[in-house]
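Have a look at the structure below, then the notes.
Proteins get letters first, then strands, A, B, ... in listed order; numbering begins at 1 in each.
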There are 2 protein chains.
Amino acid sequence: MARTTGSHSDITGPRIRAAALTLFARYGFAAVSMRQIAKEVGVQAGALYNYTPDKQSLLVELMRDHMVELLAAVQDDDRAAPVVRLERFVRFHIGFHHERPDAVFIAYMELRNLEPENFAEIETLRRRYEGVLERILDAGMARGDFAVADAKVTTWAVIAMLTGVNTWFRSGGRLSLDRVQDQYWQMVRRMVGSVGGSV
Amino acid sequence: MARTTGSHSDITGPRIRAAALTLFARYGFAAVSMRQIAKEVGVQAGALYNYTPDKQSLLVELMRDHMVELLAAVQDDDRAAPVVRLERFVRFHIGFHHERPDAVFIAYMELRNLEPENFAEIETLRRRYEGVLERILDAGMARGDFAVADAKVTTWAVIAMLTGVNTWFRSGGRLSLDRVQDQYWQMVRRMVGSVGGSV
DNA sequence: GATTTATCTGAACAACCGTTCCAAACCAAG
DNA sequence: CTTGGTTTGGAACGGTTGTTCAGATAAATC
């Protein structure tokens with residue numbers, strides 16, 4: 001026998017990406033075989049190649065989609081006060097990353113499995129995202145609202161701290177997402193030397 | 001022919017661990033083969049099994065050694081003021097991790113490749129390290145030196161932020177290690193609401 | 001209902017995987 | 001110089017890897 005039932009072009013594609021996302025996040029790109037992905041989808045390994053030229057492309061596509069989504073979702077209104085912009089950024093980052101832990105995990109862990117040109121592409125997107133925060137910090141410094149020693153270093157510090165939430169926070173635990181966002185916003189506000197508001 | 005020259009029992013062992021450390025950090029545990037490690041050492045793959053029962057043990061040993069070293073190196077004098085203890089911790093963490101980027105990378109990235117009992121062991125060591133920082137924060141709160149909302153959350157936030165230094169900082173760049181430690185200490189001090197000292 | 005087109009199966013490919021084992025080669029002790 | 005133990009080379013094991021492809025099947029078109 002050949003195919004089992006029906007034609008599933010528009011169904012199989014997304015299912016392959018979904019399976020790859022889950023499996024890559026759980027076991028790592030290198031540890032997951034094309035046959036495992038196919039099995040999860042309910043298809044033979046060869047069929048995957050109707051949707052991706054090779055395994056590497058599957059990974060790149062997942063990472064690129066994630067980063068593009070991230071950049072589309074972050075919105076920074078530079079007419080607002082820097083403190084407001086910063087608070088929005090902090091809450092956004094935590095919320096957005098919390099909703100897609102697998103994609104976040106892959107985007108941070110599988111960079112070394114990218115071929116050079118793919119790595120460069122993803123890295124560019126990441127830097128663009130960092131740039132959003134850096135501009136907020138610059139604006140705050142220009143207005144005297146923030147007092148940070150180095151905008152770049154502070155950017156990396158804040159993002160590392162915020163992304164770290166994903167390693168321990170799960171819904172339904174001791175703390176709600178809102179509460180976590182509150183706490184991290186408090187920490188970030190203090191970090192940048194913002195004196196406005198209650199402590 | 002069999003062996004080439006000499007007997008190298010006490011040489012080969014460390015060389016295998018060193019090669020595994022470098023390769024695992026660069027390409028990931030799953031992506032590195034025993035033959036690659038052997039080649040780096042200048043030996044056949046079979047010879048590795050005089051020094052490790054299997055590939056997994058090689059990984060666990062590297063991670064355990066790193067964590068044990070870390071726990072041995074961190075020293076916290078609980079008779080000192082919490083602010084002093086915290087500053088020492090921040091500077092220590094950055095300095096220690098900067099000296100062994102490969103081991104740090106592996107210890108954070110390869111946890112998912114550990115079998116359950118090995119994972120539990122490494123996780124215990126990691127929690128013990130986090131405990132050092134958490135106790136400092138507790139002590140500072142008890143004395144009213146710090147004002148943090150949640151010691152556990154703050155612990156994770158600080159460690160994520162400090163460990164993040166390894167992703168961008170390299171010696172010989174724009175900033176010296178001392179300067180980086182200064183900046184991170186300033187950020188952490190503000191984060192915990194410590195009001196003492198200059199801003 | 002016949003023909004075309006998209007999709008999938010199942011087998012095959014060469015290469016590589018972790019691990020085992022025996023004989024060969026070496027060093028050190030007697 | 002011989003013996004004994006340690007260390008290694010090299011081949012072999014069964015199994016898995018990413019990828020290709022001809023042929024089979026189903027859906028879409030006419």
Side-chain angles (χ1 to χ4, degrees), chain A residues 1-24 26-63 106 110 112-118, chain B residues 1-24 26-63 106 110 112-115 118:
Chain A
M1 77 192 92
R3 23 192 321 208
T4 45
T5 64
S7 173
H8 306 295
S9 174
D10 45 352
I11 289 283
T12 308
R15 293 231 303 157
I16 289 173
R17 282 188 288 274
L21 188 79
T22 306
L23 290 171
F24 288 168
R26 178 139 49 197
Y27 305 109
F29 173 75
V32 173
S33 71
M34 295 300 267
R35 284 171 181 82
Q36 280 177 62
I37 299 171
K39 190 169 195 175
E40 186 87 3
V41 177
V43 103
Q44 292 292 325
L48 300 184
Y49 290 87
N50 290 324
Y51 301 92
T52 183
D54 50 33
K55 195 186 173 192
Q56 165 92 193
S57 303
L58 201 46
L59 175 62
V60 182
E61 201 177 304
L62 291 174
M63 296 176 81
I106 290 172
E110 302 298 352
R112 63 184 164 189
N113 286 306
L114 294 178
E115 288 153 14
E117 67 263 45
N118 293 330
Chain B
M1 76 191 93
R3 24 194 316 212
T4 44
T5 64
S7 174
H8 306 295
S9 174
D10 46 351
I11 291 283
T12 308
R15 294 230 303 156
I16 289 173
R17 282 187 289 274
L21 188 79
T22 305
L23 290 171
F24 288 167
R26 178 140 47 197
Y27 305 109
F29 174 75
V32 173
S33 71
M34 294 299 268
R35 284 173 179 81
Q36 279 178 63
I37 299 172
K39 190 169 195 176
E40 185 87 2
V41 177
V43 102
Q44 292 292 325
L48 301 183
Y49 290 86
N50 291 322
Y51 301 92
T52 183
D54 49 34
K55 195 187 173 191
Q56 165 92 193
S57 304
L58 201 47
L59 175 61
V60 181
E61 202 177 304
L62 291 175
M63 295 175 82
I106 291 172
E110 303 296 352
R112 62 183 165 190
N113 286 307
L114 294 178
E115 287 153 15
N118 293 329

Legend entry - Position toward the 5' end of DNA chain C (nearest nucleotide), B:A47 or B:F29: B:F29
Return the polar atom pairs (N/O with N/O) between nucleotides 11-13 of chain C and the protein under 3.5 Å, or none.
residue : atom : partner : partner atom : Å
C:dA12  : N6   : A:R35   : NH2          : 3.3

Legend entry - Short side-chain N/O contact from B:Q44 to OP1 or OP2 of D:dG10, under 4.0 Å: yes
Please list, one pair per line, the donor and acceptor atoms closer than 3.5 Å that link side chains of residues 52-62 of chain B to other protein atoms, with sequence neighbours excluded.
residue : atom : partner : partner atom : Å
B:T52   : OG1  : B:D54   : O            : 2.8
B:D54   : OD1  : B:S57   : N            : 3.0
B:D54   : OD1  : B:S57   : OG           : 2.6
B:K55   : NZ   : B:F29   : O            : 2.9
B:K55   : NZ   : B:V32   : O            : 2.7
B:Q56   : OE1  : B:E115  : N            : 2.9
B:Q56   : OE1  : B:N118  : ND2          : 3.1
B:Q56   : NE2  : B:N113  : O            : 3.0
B:E61   : OE2  : B:R17   : NH1          : 3.3

Legend entry - Interatomic distance where CD1 belongs to B:I37 and P belongs to C:dG18 [whole Å]: 8 Å
Inset, instruction - With sequence neighbours left out, write down each residue that passes salt bridge (Lys or Arg N to Asp or Glu O under 4.0 Å) with A:R26, or none if nothing qualifies. - result: none
Legend entry - Rounded interatomic separation in angstrom, taking CG from B:N50 and P from C:dC22: 14 Å
Inset, instruction - Would you mind classifying the nucleic acid contact of A:V32 as base, sugar-phosphate or nothing, using non-hydrogen atoms under 4.0 angstrom? - result: sugar-phosphate
Inset, instruction - Round to a whole Å and report the spacing from NZ of B:K39 to P of D:dG9. - result: 14 Å
Inset, instruction - Using atom CG of A:N113 as one end and atom C1' of D:dG18 as the other, report the distance to the nearest whole Å. - result: 15 Å
Validation: residues 37-48 of chain A side-chain donor-acceptor distances under 3.5 Å, sequence neighbours left out:
none

Inset, instruction - Please state whether the phosphate of D:dT7, meaning OP1 or OP2, lies under 4.0 angstrom from any side-chain nitrogen or oxygen of B:T12. - result: no
Legend entry - Integer-rounded Å distance: C:dA15 C1' and B:Q36 CD: 14 Å
Inset, instruction - Can you run down the salt bridge (Lys or Arg N to Asp or Glu O under 4.0 Å) pairs that involve residues 27-37 of chain A, sequence neighbours left out, and say none if there aren't any? - result: none
Legend entry - Nearest-0.5 Å distance that lies between atom CZ in A:F24 and atom CD in A:E110: 8.0 Å
Inset, instruction - Would you indicate, yes or no, if D:dG9 has its OP1 or OP2 atom less than 4.0 angstrom from a side-chain nitrogen or oxygen of B:Y49? - result: no
Legend entry - Strand contacts (DNA chain D) in residues 54-62 of chain A, 4.0 angstrom heavy-atom criterion: A:D54, A:K55
Legend entry - Length of the line joining A:L48:CG and C:dT7:P, which is rounded to integer Å: 14 Å
Legend entry - N or O in side chain of B:S33 less than 4.0 angstrom from C:dC16 OP1/OP2: no
Legend entry - Interatomic distance, A:M34 CE vs C:dC8 C1' [rounded to whole Å]: 15 Å
